Every structure is written in C-alpha cells, then in structure tokens.
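Because the structure is predicted, anything quoted here is derived from the model rather than measured. Order of listing sets the numbers, starting from 1, for every ligand and every atom in it.
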Amino acid sequence: MVSLMQTVQSLCEQFKVPGLHFEAGQGGLTKAVVATPVASGEIYLHGAHVTSWQPAGHEPVLWMSRSSLFQPGKPIRGGVPICFPWFGPNASDPSAPAHGFARTAMWEVAEARPTAEGGISMTLQTRIDPFAVRFTVEFGSVLRMTLATELATGVSTSHRFEDALHTYFSVSDVRNISITGLEQSRYIDKLDGAAEKPATGVAIEFIGETDRVYFDSDSECHLHDPGRKRTIAISTSGSQSTVVWNPWIAKSARMPDFGDHEWPEMVCIETANVGVNAVELAPKSIHSTTVVIRVQ
Ligand code: BG6
C-alpha cells in the first residue's frame, strides 16, 4: 500500500505547508502535526485518526486515553476514530472487527493546504471495498471533519454502509456535564437490549453507563461543561444519527486500552449514520458526513 511506503521525510517534502510537518508518533506510527497561530492538532495516517485539536485560547478539546494502543491492526483509543463501513459489531460476521476496517486501515495523504483563516486542511484517502473514502479535516478555530464516500471505480450496484466520526470529548467530569439538542430524538438503548425508547424531552445527564444511538438527529448539539467554563457546539450535515457513550466503571475495567479511572474525563458524541439511518449509496453518487466542532 502506498501509505506504508511514504516515509516521514518524503511526506514533509511532498506537502510543504507552513505550520505542518510529519513525524514518527507513538508506536512509530506516522502522524501529521499542525502548529499554527489559530490551532494545533495531530492526525495519524493509521486510521486517519485525529488525536488532538486545540484552538488558540482554549484548552484541548479532544480526549485521549493514556492506555491507548498505537499498533498496526489495533484502533487508537480517544480522539476521533472513523467507524466505517459498519458501526459496532458486524451484523453478519461476528469475527469481523467492531466498527469496521477504516480505523485500522493505513490512509494516504492526498492533499494538505493552508486555509483562509490560517489553519491547515488535510485530506486523507483509502479504499475499503467496494468504497473509496476521503477524509478531510480542517484544523482551525473550528474543527471541521468530512468523511466522503463513493463507490470505487467499476462498482455498478448500490451498496449500504454505516459511518461514525466517533469523537471523544475531554470534559471536567462527566457527572457534571449535560448535552442538549437531542431532547426530541428517539433512541436505541444499547444497555437495555437495544430497546427503542421515545424522545425524553430533557437534556442528557450522566448517572451511569450510557450507550445510546439517537435517530433522525440532524440538529445541532451542545455539550455544556461548567467545570471547564465552556460549551462545545457540534453541528452536522449528512448525519442522521448521534451516538452518546460513556463506559462508566465496570466497562472501563473490561477494556484493556482504557484506564480504569479515566471514564469521568470523557464523553463520546458521535456524528453517525447507523441502523435505520444507514446510507444506501448508488453508483456515481457521493455521501458526505460532516461535523463542525466549535468552542463557545
Ligand atoms: C460506541 C458504542 O460507539 O463505541 C459502544 O456505542 C462501544 O457500544 C464504544 O462500546 C467503543 O467501542 P470500541 O470498539 O472502540 O471499544
């Protein structure tokens, strides 16, 4: 694969953009490092995995586990894993990796350029048959991420996929935050036998393990964190589902790449198309799933 052969040095020569360089990251995996006056950030070629974003004047927005693996074939824990072309366990093959192949695939850098406001935009691409996928991330005063999926050349029938930009947010304490914007959406409760539950009409607060897939949730969400004195706005397009997850105590202890005591520090709000919102993709069409994250 091309990206395995791309050395850090040749990437630096190929993509000469002020404020961007490539280096060997944890586990010897190649990462791009963004350091500009408007924002800093990092993305690994392994999984096209964004592991940090910090807009100027604010604390880091994304959470990373200190127990994360950085190994070929293993997902990174934290940041923004890309779940694709399925979400969760594979419906027909229990031996297939959870959340699909994208987060452990090697991606290649297709483009890197400065943005008008002085940040950096990068596009990484890979092929996961029968799909060709491009992931564009703009590290700026906002973090804009788009997963664009089309059928690979020569594929002439429609194919269905699920996707999720599985964003881990850093919070002061998950027990003291709330999420608004999903009050009117029904959801699947994965902790209650995947039962469908009606819209609650109230903000989400966390008093235990939480694993919910909200459907038809195309509005903007807000993550309110009084401990950090900040609200994070999460606006999406091309996404009909939102997954909200915190593993709490027992599940954290079961996950080898997640510290036993890290669960209060994070919450996942995932921009997704899953289950009844899976995308049926016709030849010659492109589906773009976009999230824009802004600190307020
Ligand atoms: C969430 C799922 O999106 O991801 C949870 O809803 C799952 O059920 C979590 O536990 C983490 O998944 P993984 O495969 O990264 O451990």
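The shell of residues lying under 4.0 angstrom from ligand 1, judged by heavy atoms, includes Arg103. Put simply, no part of Phe258 is less than 4.0 Å from ligand 1, judged by heavy atoms.
Side-chain atoms of Arg228 and Ser170 include a donor-acceptor pair closer than 3.5 Å. A side-chain donor from one of Trp63 and Glu265 sits under 3.5 Å from a side-chain acceptor of the other. A side-chain N or O of Thr289 and one of His287 form a donor-acceptor pair less than 3.5 Å apart. If you check the side chains of Thr149 and Asp163, you find no donor sitting under 3.5 Å from an acceptor. A donor atom on one side chain and an acceptor atom on the other are not found under 3.5 Å apart for Thr146 and Thr136. Side-chain contact annotation: His224 with Thr180, donor-acceptor N/O pair under 3.5 Å present.
Within the set His166, Arg212, Glu209, Arg254, the minimum heavy-atom distance to atom 1 (C) of ligand 1 is found for His166.
Closest to atom 12 (O) of ligand 1 among all protein heavy atoms lies His99 NE2, 3.3 Å. Nearest to atom 13 (P) of ligand 1 among the protein's heavy atoms is Arg77 NH1, 3.6 Å. Scanning the protein heavy atoms around atom 10 (O) of ligand 1, the nearest turns out to be Lys251 NZ, 2.7 Å.
For ligand 1 and Glu270, the ligand atoms under 4.0 Å from any heavy atom of the residue are 1 (C), 3 (O). Heavy-atom proximity to Asp211, at under 4.0 Å, picks out these atoms of ligand 1: 2 (C), 5 (C), 6 (O), 8 (O). Below 4.0 Å from some heavy atom of Lys190 lie the following atoms of ligand 1, by number and element: 2 (C), 6 (O), 8 (O).
By the 30° and 60° cut-offs, the orientation of the rings of His99 relative to Phe87 is tilted.
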